[in-house]
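FYI, side chains are in, hydrogens and waters are out, and symmetry mates aren't considered; it's all heavy atoms of this structure.
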Amino acid sequence: QVQLVESGGGLVQAGGSLRLSCAASGIIVSHYTMGWYRQTPGNQRELVAAIPGSGSTNYADSVKGRFTISRDSAKNTVYLRMNSLKPEDTAVYYCNANLLRFIGKPLDYWGQGTQVTVSS
C-alpha cells in the first residue's frame, strides 16, 4: 500500500524557515509528480510546489523565491524548504503523488498533512 508521511511542520516566527519532509512508501517518488499543497479553513486546497519525475519544478506565485521543492531518490523522500515565512503561509501542508497514465485513471495519493503556523 502507498503511504505518504509528512513531517517537519510546527510553529515558527515570521521570517523564519522550516523544512517539510514527505517520506513515501509503496511508490518510487522519482516515478511520480510529487507536490506540496496547502489548505486553510474555508479555502480550497492549493498547489504550492510540484516536482515532476522529469522536467522543471513549478511554484505558486505566492511562494516563488522563498520555497524550494526537492527530491532525495535514495531516501525516497520529497522536501519543501520554506524560507522567509509569512503569516499567510499558515496552513496544513499536504504531500501528493500523482501519476498520469495513458491507460486507466491517474494514480493520486495524499498524506495526512502537517500543520505550519507562522506567527507575526
Please list every donor-acceptor pair under 3.5 Å in which a side-chain atom of residues 72-82 meets a protein atom from a residue at least two apart or in another chain.
| unit_1 | atom_1 | unit_2 | atom_2 | d |
| --- | --- | --- | --- | --- |
| D72 | OD1 | A74 | N | 3.1 |
| D72 | OD1 | K75 | N | 3.3 |
| N76 | OD1 | V29 | N | 2.9 |
| N76 | ND2 | A24 | O | 3.0 |
| N76 | ND2 | I27 | O | 2.8 |
| T77 | OG1 | K75 | O | 2.9 |

Atom pairs and distances, donor-acceptor, side-chain atoms in residues 49-57, under 3.5 Å, two or more places apart:
none

Residues 113-120 side chain polar contacts: donor-acceptor under 3.5 Å, at least two apart:
| unit_1 | atom_1 | unit_2 | atom_2 | d |
| --- | --- | --- | --- | --- |
| T114 | OG1 | G9 | N | 3.3 |
| Q115 | NE2 | A91 | O | 3.4 |
| Q115 | NE2 | T117 | OG1 | 3.3 |

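Applying the disulfide bond (SG atoms under 2.5 Å apart) test to every pair with at least one member in residues 23-83, sequence neighbours left out, gives no pairs at all. For residues 7-25, there are no salt bridge (charged side-chain N to carboxylate O under 4.0 Å, His left out) pairs, not counting sequence neighbours. Listed by first and then second residue, the ring-ring contact (aromatic ring centres under 6.0 Å, His included) pairs involving residues 2-25 amount to none (not counting sequence neighbours). Applying the salt bridge (charged side-chain N to carboxylate O under 4.0 Å, His left out) rule to pairs touching residues 24-43 yields R38-E46, R38-D89, sequence neighbours excluded. Here disulfide bond (SG atoms under 2.5 Å apart) pairs that include residues 11-120, with residues two or more places apart or in two chains, are C22-C95.
Applying the side chain to side chain donor-acceptor pair (under 3.5 Å) criterion to Q39, with sequence neighbours excluded, gives R45. For K105, the side-chain contact (heavy atoms from CB on, under 4.5 Å) criterion is met by no residue, not counting sequence neighbours. Every residue meeting the side chain to side chain donor-acceptor pair (under 3.5 Å) condition with N98, not counting sequence neighbours, appears here in chain and number order: D108.
Note that OH of Y93 is 15.0 Å distant from OG of S7, once rounded to the nearest 0.5 Å. Atoms CD1 and CE, from I69 and M34 in turn, are 7.5 Å apart once rounded to the nearest 0.5 Å.
For the pair F67 and W36, the minimum side-chain heavy-atom distance is 4.5 Å or more.
A 6.0 Å sphere centred on CD of Q112 holds no more than 12 heavy atoms belonging to other residues, nucleotides or ligands.
Nearest heavy atoms, L100 versus P106: CD2-CB, 4.0 Å.
Side-chain atoms of N83 do not come within 3.5 Å of backbone N or O of G16 as any donor-acceptor pair.
Residue Y94 shares its hydrophobic cluster (ILVMFWY side chains chained together at separations under 4.5 Å) with Y37, L47, V92, W110.
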